[in-house]
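One structure below.
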Amino acid sequence: MSVEKYILAIDQGTTGTRAILFTPEGLPVPKGWAYVEHRQIYPRPGWVEHDPIEIWENTKFVIKKVIEQTRINPKEIAVIGVTNQRETTVIWDVKTGKPVYNAIVWQCRRTTSLVDYLKMNYFEVIREKTGLVPDPYFSSTKIWWLLDNIPRLRERAKKGEVVFGTIDTWLIWNLTRECKDVLTPEKGGAHVTDYSNASRTMMFNIHKLDWDDELLEIQGKIPREILPIPRPSSDREFYGYVGPEVSQILGGASIPIASDAGDQQAALFGQVGFDVGDTKCTYGTGNFILMNIGDRVIESRHGLLTTVFYSLEKGRATYALEGSIFITGAAIQWLRDGLKIIEVSAEVNPLAEAADDTGGVYFVPAFVGLGAPYWDMYARGLIIGITRSTERKHIARATLEAIAYLTRDVIEVMIKDTGMKLQRLKADGGASKSDFLMQFQADILGVEVWRPVILETTSLGVAYLAGLAVGIWRNLDDVRKNWRVEKVFRPRMDPRKRERLYRGWKAAVKRALGWAREVPWAYGLEE
């Protein structure tokens, strides 16, 4: 019997990088996790960047930390899976491995003028082929901006001297660098992505599961040469094996990288959302709600995105409807770091619970615009209803309630698009630890909210995908047996009160829409 029994999941998120070791039972190994944050870089109002080298160094650090803490033999690790913040864009030199510019983060708004052009001229083409709506959120206009603003970059791209990747591609390339047994040895490492991440770039045809030449042409003539190979999320051919740099950290072990998925798709997989209609919400930096819609594409008419959920076979995929909410947990960080009304994020819960209600205060955290279902890149944050009696506890409560309201906004249109009644909402992510938030979410939705035993479902999902690739689990039914619920939150609020509160929320959102269009100079936008 093989001694290989562990799965190493690398979860590279918007605020930090995590590594977790899982057992074949889908449980974290005791002391088998490590996490480290990275810097958030804001060169101008509305611009957000990360340092790709810092992210890579942090990735090596958390891998090493996990091995040191558990004292396991690295040769017992059967496989590695990678999940990641999606849409964030990196272009780097294939010889030196150095990025040509910082990673442009999914939250960045610098490409609004390019998106306005696409909305005016190619909205339906983009939506029909990609399942997305034109927005600075996605990768393609970030590439376009880099090609137009970095000297000689377009020329170098056409020569194959540089390549593009979202963070998964960047990490997998570095993990496999200088290993000969990879899918693209000529690129110095495995230059790959999976269908779920590719479907978030606004260049990928979700029907054909391949890059689309028309989309590349209309978005700044992006050279196809720089794009990674799209692959299934769980790949039995493997993307490659760890290269010398990583193998040294792992005591010389040669371990395959065999799964890749965008963080939100991985979370739904970790929630064993394998049946049509299964829905989850991840409460993280933003909120991301995904519903499994099966093997056919449903085009949303209410501002949702159609995206690839996962793939276990080349040329085939399962799809999901998604509502992306840009700022939720990040609003709690803002209370801590910006307003300084709390010292640590965990303080927001007792502070919010100290208020019987918000005193009429609503907080719309549209710091970088609003995502689904509004898709208003000119919306900006708003706190309304303030009176002389307003205290910090009311603002704290309004912040948590806003997270639940934004989630209902998405669920409402999800039901309209699919005609399916929501049976329950599975919750995960850091903010789902809050009993107050989960109860308010159940109340404002009018459906049960289920919280699992393991909240790190993003890491767990990509671990499941990796384990399927090497036979640790034979099929989805094997995976399904591992899921356990920790607590069920049932609606308690009077329906009339629920609808009254929600009407107030919609009125607040209406006042936040379009603000940056009114005063573009305040946000570094062109007038």
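Note that the coordinates shown come from a computational prediction; the quantities given were computed from them, not determined experimentally.
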Do side-chain atoms of [X] reach the backbone of [Y] as a donor and acceptor pair under 3.5 angstrom?
| X | Y | result |
| --- | --- | --- |
| Gln69 | Lys31 | yes |
| Thr282 | Gly284 | no |
| Ser196 | Tyr310 | no |
| Trp211 | Leu227 | no |
| Lys142 | Thr88 | no |
| His191 | Leu183 | no |
| Thr328 | Asn287 | yes |

- Establish, yes or no, whether a centroid distance under 6.0 Å links the rings of Phe274 and Trp483. no
Result for side chain to side chain contact (heavy atoms under 4.5 Å, CB included) between Gln12 and one of Thr83, Val82, Ile167, Val62 points to Ile167
Side chains of [X] and [Y]: does their closest heavy-atom pair fall under 4.5 Å?
| X | Y | answer |
| --- | --- | --- |
| Trp173 | Val182 | no |
| Asp235 | Asp194 | no |
| Leu321 | Ile289 | no |
| Val162 | Val100 | yes |
| Glu87 | Thr166 | no |
| Ser459 | Arg18 | yes |

Would you say the side chains of [X] and [Y] form a donor-acceptor pair under 3.5 Å?
| X | Y | value |
| --- | --- | --- |
| Thr17 | Asn58 | no |
| Thr307 | Arg200 | yes |
| Thr176 | Tyr239 | no |

What verdict does the side-chain hydrogen bond (donor to acceptor under 3.5 Å, both in side chains) test give for Ser300 and Asp417, after you've listed the backbone C-alpha separation in whole Å, the side-chain angles of each residue and the deciding distance to 0.1 Å? CA-CA 6 Å; Ser300 174; Asp417 276 334; 2.4 Å; yes
Practice item. Apply side chain to side chain contact (heavy atoms under 4.5 Å, CB included) to Glu128 and Phe123, showing your working. Key: CA-CA 9 Å; Glu128 190 281 324; Phe123 184 92; over 6 Å; no
Tell me whether the rings of Trp375 and Phe138 are parallel (<30°), tilted (30 to 60°) or perpendicular (>60°). tilted
* **Parallel, tilted or perpendicular, as decided by the 30° and 60° cut-offs, for the rings of Phe288 and Trp106** => perpendicular
Before you tell me yes or no, could you show the steps for Tyr122 and Gln219 under side-chain hydrogen bond (donor to acceptor under 3.5 Å, both in side chains), namely the whole-Å CA-CA distance, both residues' side-chain angles and the distance that decides it to 0.1 Å? CA-CA 10 Å; Tyr122 300 105; Gln219 297 182 87; over 6 Å; no
Do the charged groups of [X] and [Y] touch, with an N to O distance under 4.0 Å?
| X | Y | value |
| --- | --- | --- |
| Arg224 | Asp210 | yes |
| Asp148 | Arg154 | yes |
| Arg480 | Asp477 | yes |
| Glu245 | Arg177 | no |
| Glu237 | Lys314 | no |
| Lys426 | Asp278 | no |

Requested in this report: Test side chain to side chain contact (heavy atoms under 4.5 Å, CB included) on Trp56 and Leu175 and set out the steps.
Outcome: CA-CA 9 Å; Trp56 171 236; Leu175 286 165; 3.9 Å; yes
What's the verdict on side-chain hydrogen bond (donor to acceptor under 3.5 Å, both in side chains) for Thr15 and Tyr35, showing C-alpha distance, side-chain angles and the deciding distance? CA-CA 10 Å; Thr15 55; Tyr35 176 79; 3.3 Å; yes
